[in-house]
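Note sheet for the following structure.
Computed from a predicted structure; not experimentally measured.
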Amino acid sequence: MMGLEDVNVGMIPTNPIRQESLIAAHNLLRELEANDSLTDDMKKILADLDSKLSAMELKNDSSNSSESVPILRERELNDAKEKLKSAHDKIMGWDSTLDMIWESGPDKAAEYIEAVENVLCLVELFRSLWMKGDDDHEISQAEDVLQVAMQRLEEELVHVLGHQRQSYVPSEVEEGDEPEGSGEQEDVNFELIDPEAIPFIKSIKKVMFDAKYDQDFCAAYVKTQKEALEDCLIGLGMETVSIDELVKMDWNIMASKIKTWILVIRTAVQVYFLAEKRLCDEVLGKSEPYASLCLTNITKSAMTCLFNFGHAMALGPHTPEKLFYILDMYEVLVEIEEKINEFFSEEGGSYVKTEFEEVKSRLGDAARATFLGFGEVILSDPTVDPFPGGGVHPLSSYVMNYIIVFLPDYCKTLNTLLHEKDDANNVITNQVLPEKSLLAKNLRSIVAKLKFNLEKKSHLYRDAALQHIFLMNNTHYIQQKVINSEQQKLFGDDWIRTQIVSYQQHATSYVRSTWSSVVASLRDDGIPSGSGSGVRLVLKEKIRVFSVAFEDVYRSQTSWSIRDEQLREELRISISQKVILAYQSFIGRHKKFDIEKYVKYDSDDLENLLRDFFEGSQKSLNSRRR
C-alpha cells in the first residue's frame, strides 16, 4: 500500500478536463487530516500536499482559459483573506488581555491552536498564490500574526509548565543517624506536570515546530524546567560548597551536608530526572534528538553542582571519621549509575556521563585511601598518660567499633575498591576465601597496628603486673569483638586462637608477677627444726608477712579494672588456685604448732576479699571489716 510520503504532486492530473480530480483530492486530504491517529509527520505531509494542490488548481485553471485565472486567483485570495481576518481577530484578541488561554478552558485553548494552524496554512497559501509584481501585504500580515501567536504560545508554555507542576516530598533522613550504608531506593513513578495539561503542551509544541519555531520552544521549555528543577533540589538542600569551606567546616555540619547530598542526588536522579525524561519523551517524541538534548540541558547544571560537592569531599582531608560517609556517597553513585547511563546515552549527554564517572572514581579513591591510611592513624595515636586501672583503652574501643560495628555494611564495596587497584587479584575477587581477601588482610593489619600501639601504652605503667592486666584486657576485648561479629570469617580461626593464647599468657604473667612474692612467704625454708617457741615465732612472722603482702595487693588492685565479668572471674579463680590453696596448705602443714591464733584471715576471708579485686574502685580494708 502506498504511504502518504509516496504521494507525488506530479501524479495529480493537471489537465483542465480533470479539474474534478483536484477537487476530489482536496476533499480526500480534508478527510485524512481529520483522522486523530495520524502522526505529526504524516499531518505535515498532508499540509504540504494541500498547499501544492491549491497551486496546481491555479495552474490547471490557467491551462483551461487565461481569462479565468484572475477570477479563480481572486476568489482564492479573498477566501484566504477572510480566513486570515478570522484567525487574526482570535489571536490578537488574546494578545490584548492578560488572561491566560489555558486558564480559560480546553475549548478556548483548542480554538486558539486551530487559529494558529490556520495562519500557518494561509502563509503557505499566500506564498503559493503570490506572483511577481504582486503586493506581499497578505504574506507579511500573516507572518506578523504568526509571530504574535508564537510569542503568546511561548508564554502559555511557560505558564502551564510552571502552574501545573506537581510536588514530590521525599522521606527525610533522621537527624543524628549514623551512616549505615546506602540502602537502594526504588524508582518513583511521579508525574511532573498535571496529565490534563499535557495535550495542550503537545499542541503548542506541534504548531511551534511546524512554524519553524522549534528552537524557541526548546529554549523556553528547558529554561522553565531547569529553573523549576533547581528550585526543587535547592529546597531539598542542594548547595554549592567549596573545598576551602569543607576544610574549615565543623564535622557535625559536614556530616549533615553529606546526608543531605545523598538524599538530593538520589531524589534528583530516581525521581525528578526520571520524570523529566518521561515528560521530554512524551512532549518532544521519544525517538527525537530534541528529547535527549533538552533533558541534558535541563539537568546538567544541577548535576554539576552536585558533582562539585562530591569532588570537594574527595579532595578534602581523608580523616577516619569521613570513611563511611564517603562510602555512602560512592555507593549512591553506584546505585544511580545505570540511570545516568540511560538518561545521558546520546552524544549531548557525554559531558554528564564523563563528570559522573570522574566524581565516582575520585570518591572511590578517597574511600580506599582513607581506609588504607587508618592503620597509620592508629600508630600515631599519642601515648602520654596511662589509662586508669589498666582497663580497655578508648583507642581499642574506637578501632574495634570502627571495623566491627560500622564497617560490615560496606565490606562488599570496600573489598571491590581494594581489588580494583590489585590487577592480579581483580579477576578472582569473588573466588577467594573471606580471610584471604584484601579486606581481611587489611583488617588484620589494622588490629596488629592497634596492638603495637597498646604495647607502647602498656609501658606507661610502672607496675609490670598492671602492664599485663592492661594488655590482657585489651587483647581479650579485641578477640571478643571479633568472634561476636560477622567479621569473624574475615579474621579466621587461626587469628582468633592466637588472640586467646595471647591474653591467657598475659593473665599467667600477671599472676606470676603479682603473687609469686606473696606466696613466697609461705615456703618452709627458714623454719627451724623442732617444736619450740622459735618455730612458732617464725611461723607467726610468715603469716604476718603474707597478710601484709596480701593487704598491699588488695589496696592497689581493687582499683584495677577488668570489665568483662567472665574474664574477671577466671582471673580470680587463677589467683585463688595459686594463693589461697598455698595458704591453706601452709596452715594445714603447721597446724600442730597451734598457729590459728596468729591467722588474721582464714581462707573464706581471702576468698571474700578477692571478690573486690578488679572492680575499678579502690576499697579500704577497714571499711571491709566494718
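Between Lys257 and Glu239, at least one side-chain nitrogen of the basic residue sits less than 4.0 Å from a carboxylate oxygen of the acidic one, meeting the salt-bridge criterion. The pair Lys85-Asp89 meets the salt-bridge criterion, with a side-chain N (NZ, NE, NH1 or NH2) lying under 4.0 Å from an Asp/Glu carboxylate O. Note on Arg152 versus Glu156: salt bridge recorded, some NZ/NE/NH1/NH2 to OD/OE distance being below 4.0 Å.
When only modelled atom types and interatomic distance are considered, Gln270 and Glu335 share a side-chain donor-acceptor pair under 3.5 Å.
For the pair Lys300 and Tyr351, the cation-pi criterion (under 6.0 Å, within 45° of the ring axis) is fulfilled. Judged by the 6.0 Å distance and 45° axis criteria, Lys205 is positioned over the aromatic ring of Phe209.
Val359 is listed as a side-chain neighbour of Leu333, based on a closest heavy-atom distance under 4.5 Å. By the 4.5 Å heavy-atom criterion applied to side chains, Ile258 and Ile262 are counted as neighbours.
Here Gln215 pairs with Tyr290 under the side chain to side chain contact (heavy atoms under 4.5 Å, CB included) rule; sequence neighbours left out. Legend: residues meeting side chain to side chain contact (heavy atoms under 4.5 Å, CB included) with Glu227, ordered by chain and number and at least two apart, are Lys223.
Applying the salt bridge (Lys or Arg N to Asp or Glu O under 4.0 Å) test to every pair with at least one member in residues 351-363, sequence neighbours left out, gives these pairs: Glu337-Lys360, Glu358-Arg362.
Note: Trp261 and Phe307 fail the aromatic proximity criterion, with ring centroids not under 6.0 Å apart.
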